[in-house]
Structures are given as C-alpha cells and as structure tokens.
There are 2 protein chains.
Amino acid sequence: MNETPALTKNQSLVMSVLSEAKSPLSAYQILDELRPEGLRAPLQVYRALDKLTEHKLVHRIESLNAFVACSHAAEHGGEMVAFAICEACGRVEEFCDPVLQSRLAAWSHEHDFIPTRTTLEIKGRCAACH
Amino acid sequence: MNETPALTKNQSLVMSVLSEAKSPLSAYQILDELRPEGLRAPLQVYRALDKLTEHKLVHRIESLNAFVACSHAAEHGGEMVAFAICEACGRVEEFCDPVLQSRLAAWSHEHDFIPTRTTLEIKGRCAACH
DNA sequence: CAAGATATGTAATGTAATAACATATCTGAC
DNA sequence: GTCAGATATGTTATTACATTACATATCTTG
Ligand SMILES: [Zn+2]
Ligand SMILES: [Zn+2]
Ligand SMILES: [Zn+2]
Ligand SMILES: [Zn+2]
C-alpha cells in the first residue's frame, strides 16, 4: 500500500542536495547547487520538492520557507512531525511526540475540528549553541 | 512593565483592517484595503505589522504568509499560542493549551534546547464546514 | 505501435518581503 | 522656545519565494 516509487532524475538530484545539507535550504539555494547538473528553472526544483514532500522524504519548514530531508530512519505513518530549529547554527531536529499528538487530537475533537495537517516548529538555541 | 504604547496612525489603520477581517490577510491585501486611506507602499504595512506583532496585538500565520488580529480578550503573557485554520472557510481559531506548552517545555529541557518562539498551526475543517 | 500518463524544459508572471535613503513628527534637555 | 535624538513615515528599487502556461520528451500498457 502506497509504496514510494523510484525517484526520477530531478527528484534524485534535489534529494541528494538536501541529504547532504546541514540545515534547511530554500528552493533557490537548491537550484543554485544544481545548476552544474543542468537545472535552470525554479519550477524544476519545486516540482521535485512537491513529490518528495508528498512521499515524506522531505519536509517543508514553514517558518523558514525552506526544506529539509526527513531524518526518520523508518517510514512515516500518519503521525505528526515537529521541528526544533536552532537560530544560531541553523540545524533542525525532527521529532515526534505521542503526547503532543494526542493532545492536539483531543483539542480537535472537543472543537469539532477535523485536522488534516499540523505545523509545529520551535525556534531557539540547540545544545551546541549555548 | 512593558505597557502597550498608543498606536500610531499606520498601526491603527492596519489594526482596524485586521480586526474587521474574517480570516487572515496578507500584507498586500491589507495594503489594498488601505489605499483609499493613502497608503501606497508595502513597507508602510510591514512596518506597522512588525510593531503590532511585537505587542502581540497581531499574529503571523506562517503557513499562510498572512496575519490575524489577536483574539485574546486578555493580554498575552509569555505563553505559547496555537491556531486552528479552516481550509474551507478560512477562519482561524486561536488557542492556548497548558498541556501542549508543558510538553514542549519538557522536550526542550530533555534535549537541552532553549526555545524562543513556537509556531503551532493546525489545518483542517472547522465545525461549520463539515 | 498508438494513446494516455508522467516527467521535463523554458519563459513569463505573480506574490511576499526588504534595502536604501529622504523627510517629518515627537519628546525631553537646556 | 529650540536644539538634538529618537521614532514614524514616505518613496523607489530590489531581492526572495512560488506559480501559470505552454511545449516537448519519456515512460507505460494494451
Ligand atoms: Zn520525517
Ligand atoms: Zn545550534
Ligand atoms: Zn493572541
Ligand atoms: Zn470552516
């Protein structure tokens, strides 16, 4: 069910750039990295990002207008994902928390709200940057 | 301590537009609303939004690149704020939840992360839009 | 092979946010 | 009152982020 298909050429290129990045990259930063490989237009990157995001191999960080490779070893289920973003070094840590998830589910249920997607991003300073 | 100063002319204009809006507005939508009052440039709106956001009279919705008037009757303390955003009607509900807040504080403490700002936005369908 | 689906290439445009600089208004010290 | 610093405003240009529209190529599958 819902197998992740093999990546296409552009998807692979974008994925490899994000996998090697130490912090989130904007679509235009990714494009610049890939000009040597022949990419020229933002849309080539955005299309790849759309697919990668759909398959949850990549996540969009809304508060940065940027993208990170998923750091989950295993596949994502339907669970909520959160991010801790260091404002000093730029590093992002991805995490899941069942308590947060169930608390949000409870709020939604109480308020007759049907959630489809949750954005949870904490900005601050990571352990290495105190 | 930290009194909210009286609003300037442009801040008042922007605040009044947001207060009457039924859903979040982009800076450019606000600008269009205020052209009749003489505003002409995005920066006039962005500057007002910066101050209003600083005083927490307005919140930025990161996932929409848009802004809403704060719906808290009382003043904000340092607490975390969350938003439930209806993808059908556009309405946004602002809420606080101590459980979410303490759980995020716990995660941060466990991971030696010093948080400064949290973005929590749930997209979905509100009670009126099932 | 033919037909439909998926992926790619390219140009142009739309939308969001900031930089740089000039001018005006407010506020307190003298 | 007036001078000086701080705050607010006005204006133009530019940068950053994202999508529309259309043409072409490649990959399925009957
Ligand atoms: Zn992930
Ligand atoms: Zn750090
Ligand atoms: Zn509020
Ligand atoms: Zn609704």
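Everything numeric here is computed off the predicted structure, so don't read it as measured data.
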Whole angstrom value for the distance that separates C1' of dA8(D) from CG of Leu13(B) = 13 Å

task = Kindly compute the distance separating CG (Leu52(B)) from SG (Cys70(B)), expressed to the nearest 0.5 Å.
result = 11.5 Å

message = Heavy-atom count check: over 12 atoms from other residues, nucleotides or ligands less than 6.0 Å from His111(A) NE2?
response = yes

request  = Please name all residues satisfying side-chain contact (heavy atoms from CB on, under 4.5 Å) with Glu33(A), sequence neighbours left out, ordered by chain then number.
outcome  = Val17(A)

Indicate every side-chain donor-acceptor pair of residues 56-65 of chain A with a distance under 3.5 Å to a residue at least two apart or in another chain.
unit_1	atom_1	unit_2	atom_2	d
Lys56(A)	NZ	Gly77(A)	O	3.4
His59(A)	NE2	His76(A)	NE2	3.1
His59(A)	NE2	Glu94(A)	OE2	3.1
Arg60(A)	NE	Glu62(A)	OE1	3.1
Arg60(A)	NH2	Asn65(A)	OD1	3.1
Ser63(A)	OG	Glu121(A)	OE1	2.5

query = Any side-chain heavy atom of Glu79(A) sitting closer than 4.5 Å to one from Gln101(A)?
reply = yes

Side-chain N or O of Ser26(B) closer than 4.0 Å to phosphate OP1/OP2 of dA16(C) = yes

inquiry  = Assuming nearest nucleotide by heavy-atom distance, tell me which of Tyr28(B) and Arg60(A) is located more 5' along DNA chain D.
reply    = Tyr28(B)

key: Contact under 4.0 Å: Thr8(B) side-chain N or O vs dT7(D) OP1/OP2   = no

With 3.5 Å as the limit, what N/O pairs link the protein to nucleotides 9-12 of chain C?
unit_1	atom_1	unit_2	atom_2	d
dG9(C)	OP1	Lys9(A)	NZ	3.3
dG9(C)	OP2	Asn10(A)	ND2	3.1
dG9(C)	OP2	Gln44(A)	NE2	2.5
dG9(C)	O5'	Gln44(A)	NE2	3.3
dG9(C)	N7	Arg47(A)	NH2	2.5
dG9(C)	O6	Arg47(A)	NH1	3.1
dG9(C)	O6	Arg47(A)	NH2	3.2
dT10(C)	OP2	Arg40(A)	NE	3.4

query = Please give, in whole Å, the distance from dG14(C) C1' to Leu31(B) CG?
reply = 15 Å

key: Closest approach of Pro24(A) to Gly90(A) (non-hydrogen atoms, all atoms of both residues)   = CD-O, 3.3 Å

inquiry  = Between P on dC17(D) and CG on Asn65(B), what's the gap in Å once rounded to a whole number?
reply    = 11 Å

remark   = The side-chain contact (heavy atoms from CB on, under 4.5 Å) partners of Lys51(B) (sequence neighbours excluded) come to Gln11(B), Glu54(B)

task = For Ala106(A), enumerate each residue passing the side-chain contact (heavy atoms from CB on, under 4.5 Å) test, keeping only those at least two apart in sequence or located in another chain.
result = Arg103(A), Glu110(A)

key: Interatomic distance where OH belongs to Tyr46(B) and P belongs to dT14(D) [whole Å]   = 19 Å

task = Measure up the Phe95(A) and Trp107(B) rings against each other and bin them: parallel (under 30°), tilted (30 to 60°), perpendicular (over 60°).
result = parallel

note = Taking five pairs at each terminus, the helix from dC1(C)-dG30(D) to dC30(C)-dG1(D) shows an axis bend, to 10°, of 30°

query = Tell me: CD of Glu62(B) to C1' of dC17(D), nearest whole Å?
reply = 14 Å

note = Atom CG of Leu64(B) and atom C1' of dA17(C) are separated, to the nearest Å, by 16 Å

task = Measure from CG on Leu49(B) to C1' on dA16(C) and round the result to the nearest Å.
result = 12 Å

Distance, rounded to the nearest Å, where Ile30(B) contributes CD1 and dA17(C) contributes P = 10 Å

